[in-house]
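Take a look at the structure set out below.
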Amino acid sequence: MTSTTTNETRIEADPDLPTIRIIRDFAAPRDRVFRAWIDPELAARWLGPKDLEMRIEHWAGRTGGGYRYAAWRDGQQIAGFYGSFHEVRPAERLVQTFTYDGFPDGVSLETAVFEDLPDGGTRVTVLSLVENLTARDQMLASGMEHGIREGYEKLDDLLGTDPGSH
């Protein structure tokens with residue numbers, strides 16, 4: 001089964017706060033969407049742009065746990081990311097830090113909230129807080145929007161086609 005989607009990814013930056021809010025609806029129940037977010041094998045399949053492979057190096061998806069993964073293209077590692085899971089509240093809320101190896105002083109705090117939609121789908125709202133407006137604007141200019149949109153499209157496909165994610 002092939003999944004198609006018209007779901008829009010909204011990426012909003014408050015002009016006065018160092019935050020980025022990402023809002024996206026998925027056509028799957030909340031528990032399945034959350035599982036794809038926290039299970040390392042599933043997360044590796046949808047994180048990032050379509051032309052990159054994500055390789056999980058470490059993943060402890062629990063409150064107090066942490067993670068590290070790398071982005072690969074054409075056999076070369078091009079980026080690495082790591083962070084800590086501050087709070088993992090199954091199918092409701094995920095609070096974590098996120099750091100890009102290339103900018104280790106730029107830690108962001110991310111809170112993801114998972115909500116039921118009337119049609120049986122799930123709305124995920126992610127709020128990222130960074131140190132200042134300059135750091136926020138650098139993140140926005142980095143091409144993150146492309147990676148997020150393509151990653152969420154891959155997640156749509158995963159939720160619609162992978163029996164293991166049901």
Side-chain angles (χ1 to χ4, degrees), residues 9 11 18-26 28-115 122-132 135-136 138-159 161-166:
T9 301
I11 299 175
T19 61
I20 299 171
R21 183 181 311 275
I22 302 166
I23 303 165
R24 178 62 146 74
D25 294 349
F26 296 93
R30 194 165 40 126
D31 61 331
R32 286 183 49 214
V33 175
F34 185 83
R35 182 173 167 229
W37 228 271
I38 200 69
D39 180 301
E41 292 180 22
L42 297 175
R45 294 171 59 185
W46 67 266
L47 284 171
K50 293 178 180 176
D51 65 335
L52 295 181
E53 173 191 357
M54 296 299 172
R55 296 182 186 174
I56 305 296
E57 298 172 3
H58 165 73
W59 192 282
R62 58 176 168 68
T63 297
Y67 65 90
R68 179 170 188 76
Y69 62 90
W72 290 73
R73 178 185 293 131
D74 301 325
Q76 298 286 323
Q77 181 178 335
I78 62 167
F81 309 92
Y82 62 93
S84 300
F85 293 110
H86 178 75
E87 179 185 15
V88 177
R89 191 182 312 163
E92 290 182 26
R93 179 178 155 99
L94 175 62
V95 181
Q96 67 185 57
T97 61
F98 176 85
T99 303
Y100 163 53
D101 280 344
F103 189 57
D105 292 342
V107 178
S108 65
L109 177 64
E110 300 180 340
T111 301
V113 176
F114 300 77
E115 301 172 282
T122 301
R123 174 166 293 154
V124 180
T125 302
V126 178
L127 179 65
S128 296
L129 173 65
V130 296
E131 184 176 358
N132 54 45
R136 191 251 347 248
Q138 288 173 338
M139 284 182 71
L140 290 170
S142 71
M144 66 168 271
E145 180 177 340
H146 170 74
I148 290 170
R149 290 184 195 282
E150 284 197 359
Y152 286 173
E153 289 171 8
K154 291 190 305 185
L155 180 53
D156 283 331
D157 290 343
L158 179 66
L159 292 167
T161 61
D162 182 3
S165 67
H166 295 242

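Positions are given from 1, in the same order as the sequence printed here.
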Q: Assess the pair Y152 and F26: is the distance between their ring centroids shorter than 6.0 Å?
A: yes
Q) R68 and D101: salt bridge (Lys or Arg N to Asp or Glu O under 4.0 Å), yes or no, with the steps? A) CA-CA 10 Å; R68 179 170 188 76; D101 280 344; 2.7 Å; yes
Q: Working to the nearest 0.5 Å, report the span between OG1 of T122 and CG of D31.
A: 8.0 Å
Q. Looking at E153 and R149, does any basic side-chain N land under 4.0 Å from a carboxylate oxygen?
A. no
Q) What distance do E110 atom CD and I22 atom CD1 have between them, rounded to the nearest 0.5 Å? A) 7.0 Å
Q. Closest heavy-atom contact between R93 and F114?
A. N-CD1, 4.1 Å
**Q.** Stepwise side-chain contact (heavy atoms from CB on, under 4.5 Å) test for V130 and Q138
**A.** CA-CA 10 Å; V130 296; Q138 288 173 338; over 6 Å; no
Q | Exceeds 12 heavy-atom contacts within 6.0 angstrom, atom CD of E57 | A | yes
Q) So does R24 pair up with D156, basic N to acidic O under 4.0 Å? A) yes
Q: Please confirm whether the backbone N or O of A36 pairs with a side-chain atom of W46, one donor and one acceptor, at under 3.5 Å?
A: yes
Q.
Please check: side-chain N/O of W59 versus main-chain N/O of I38, any donor-acceptor pairing under 3.5 Å?
A. yes
Q: Find the distance between OG (S108) and CE (M139) and round it off to the nearest 0.5 Å.
A: 5.0 Å
Q: For T125 and V113, indicate whether the former's side chain and the latter's backbone hold a donor-acceptor pair under 3.5 Å.
A: no
(Q) What's the separation between atom OG1 in T9 and atom CD1 in I148, rounded to the nearest 0.5 Å? (A) 8.0 Å
Q: For atom CD of E41, decide whether the heavy atoms of other residues, nucleotides or ligands shown that lie under 6.0 angstrom number more than 12.
A: no
Q | Cation-aromatic face contact R30/F34, 6.0 Å, 45 degrees | A | no
Q) Does a sphere of radius 6.0 Å around CZ in R21 hold more than 12 heavy atoms from other residues, nucleotides or ligands, not counting ones at 6.0 Å or beyond? A) no
Q | Least distance between heavy atoms, Y82 atom then P104 atom | A | OH-CB, 4.0 Å
Q) Ignoring hydrogens and geometry, is there a side-chain-to-backbone donor-acceptor pair from T97 to S84 under 3.5 Å? A) yes
Q | Results of side-chain hydrogen bond (donor to acceptor under 3.5 Å, both in side chains) for E115 - residues two or more places apart only | A | none
(Q) As an exercise, state the distance from CD1 of I11 to CE of M144, rounded to the nearest 0.5 Å. (A) 5.0 Å
Q | Least distance between heavy atoms, P90 atom then V88 atom | A | CD-O, 3.5 Å
Q. Which heavy atom of L42 sits nearest a heavy atom of L158, and at what distance?
A. O-CD2, 3.8 Å
Q) Atom CZ of F98 and atom CZ of F81: how far apart are they, to the nearest 0.5 Å? A) 5.0 Å
Q) Just by modelled atom types, is the K154 backbone N or O under 3.5 Å from a matching donor or acceptor in the K50 side chain? A) no
Q. Between A44 and I56, which heavy-atom pair has the shortest distance, and what is it?
A. CB-CG1, 3.7 Å
Q: Kindly give the heavy-atom pair with the smallest separation between T63 and H86, and that separation in Å.
A: CG2-O, 3.1 Å
